[in-house]
Amino acid sequence: MGAIGAGIAALGAGVGIGLIGGHAMDAIARQPEAIGDIRSNMILTAALVEGAALFGIVVGLLASLG
Amino acid sequence: MVNLETTYKEVVLSTMNRVFLTSIFLLIFSLLNTAIWASDSDDAKDGKKEEYDPVGTVVEHIADANEFHIWKGVHMPLPCILYAPGSGWTFFMTNKLDHGHTAVDRYVLNHGRVNRIADDSFPMGEVHIEGVEHVEEHHTDENGEEVIEEVAYAVYHDQKYKLEHASKWDGGVLGGGVTSFYDFSITKVVFTMLLAAVLLCWVFFLVARGYKRNDGKAPKGIQSFIEPIFIFMRDEVTIPMIGEKHYERFQPFIMTLFFFILFCNLLGLIPFFPGSANVTGNIAITLVLAVFTFIVTNINGNKHYWEHIFWMPGIPAWVKLILTPVEVLSLIIKPFSLMIRLFANISAGHIIILSFVGLIFLFGNMGENFGGATIGVLLGGVFTAFMNLIELLVAFIQAFVFAILSASYIGAAVEDAHHGDEAHAH
């Protein structure tokens, strides 16, 4: 069960980070001069999304190891 | 025109050459990695032929230990500083424990960790024991379900003394849990953390001396490597997040976080002796780092910051009743997510690499099937090379993310009031 949970958590993060990356690419295409700002904000937001997914993964890990 | 074309061709060729050489180097390095991890887990089995336990091996490698395993039977002893209420302090080096064949003040070494014999009838002082025996015990829990528990016994004069089992509230990830004694030992992780601190001091004293020596001149040596990182972190992280007015106060803290995490991450990627400890993948260490950020943020929080937490201005009173508990909780959740993010990222990376290396043993049936092992080495080697590259990226990204998030939390705490008023005006 832990493995299934970890898989679902990774799925959610994948969708989230994909959306962030895609929109960041759109934004860069529209305004190439703002690439620096967009990049650091993209990494920051991706880290926040990933944080939520990692909660799921840690709980999955504890469920399968404990 | 022709001249330009040949130069272009030369550049492309030399670039391709370099890419090719780099990939060869990486592949060799990762195969070396694989071999070293492999001999590592081989050794853990004490030459006994038994089923390969992938989960156990992975957990043993990412967990902390009281001695540093270098190669085959070579271990580096580390100091143990233990305190048990009732029997006081005990100091010794782990080689005194003789890998589970000697007990000192009821402490024995079990799977690289110091455990304590809870039985009061066991003699204190240095005692030779026959060994540590692992038994699977079946019993029923309060719900009537049967659970299998692995219990370790110290065998002494043909009598078995139960080793106190660390509680599993941490899922076994830390290898610790709650015990009857306090372990202040310099463990593998603490040793590598101190090593990272020494390296940091060495690098930054060199850089600082460089600024004195090359005052007014161009930077030289390692100084020219560190300076762009500093400038980048100042211009992209601290100034935009904390603001022109306050950033100088917090720059040292943010840079210390960044470089400490980066050095620990990179040391964790080295598969042999001075590295290989899972420092930033240890939740106790990320907890302390997150608590530092929590303290720095809240000590520097101004009136405006606390007002926004306890009584958010500009919204109806009934919304405040909902918002205030959420804001108070977010005080804790922010450092908590910092802690989990770093811990889970680094641990997950190590688990994936160890699983790929574990393919060798799964396919090779613990060294019985040579063909399977060869396929495992090739497959595991390529995947490990790929994962090592990703881990290298993650080592930088996670250090950067920890620094930028800490900076943004601090920035929210020291932000001047008029910024907020402008935002609420419309």
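Keep in mind it's a predicted model, so treat the numbers as computed, not measured. Hydrogens, waters and symmetry mates play no part in the numbers below; they use all other heavy atoms, side chains included. In what follows, every chain begins at residue 1, and chains take the letters A, B, ... in the order their sequences are listed.
- Other residues, nucleotides and ligands contribute more than 12 heavy atoms inside 6.0 Å of the CZ atom of B/Phe253.
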Inset, instruction - Starting from the C-alpha separation in whole Å, work towards a yes-or-no answer on side-chain contact (heavy atoms from CB on, under 4.5 Å) for A/Leu44 and B/Val401. - result: CA-CA 7 Å; A/Leu44 186 68; B/Val401 161; 5.9 Å; no

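- Considering only heavy-atom pairs separated by less than 4.5 Å from chain A, the leading option among B/Ile404, B/Leu405, B/Ile340 is B/Ile340.
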Inset, instruction - Before giving the answer on side-chain hydrogen bond (donor to acceptor under 3.5 Å, both in side chains), spell out for B/Asn265 and B/Glu391 the whole-Å C-alpha distance, their side-chain angles and the decisive distance to 0.1 Å. - result: CA-CA 9 Å; B/Asn265 284 350; B/Glu391 279 294 284; over 6 Å; no

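- Contact annotation for B/Met339: neither backbone nor side-chain heavy atoms come within less than 4.5 Å of a heavy atom of chain A.
- Using a 4.5 Å cut-off between heavy atoms, B/Leu338 does not touch chain A at all.
- Around atom CZ of B/Phe336, no more than 12 heavy atoms belonging to other residues, nucleotides or ligands sit under 6.0 Å away.
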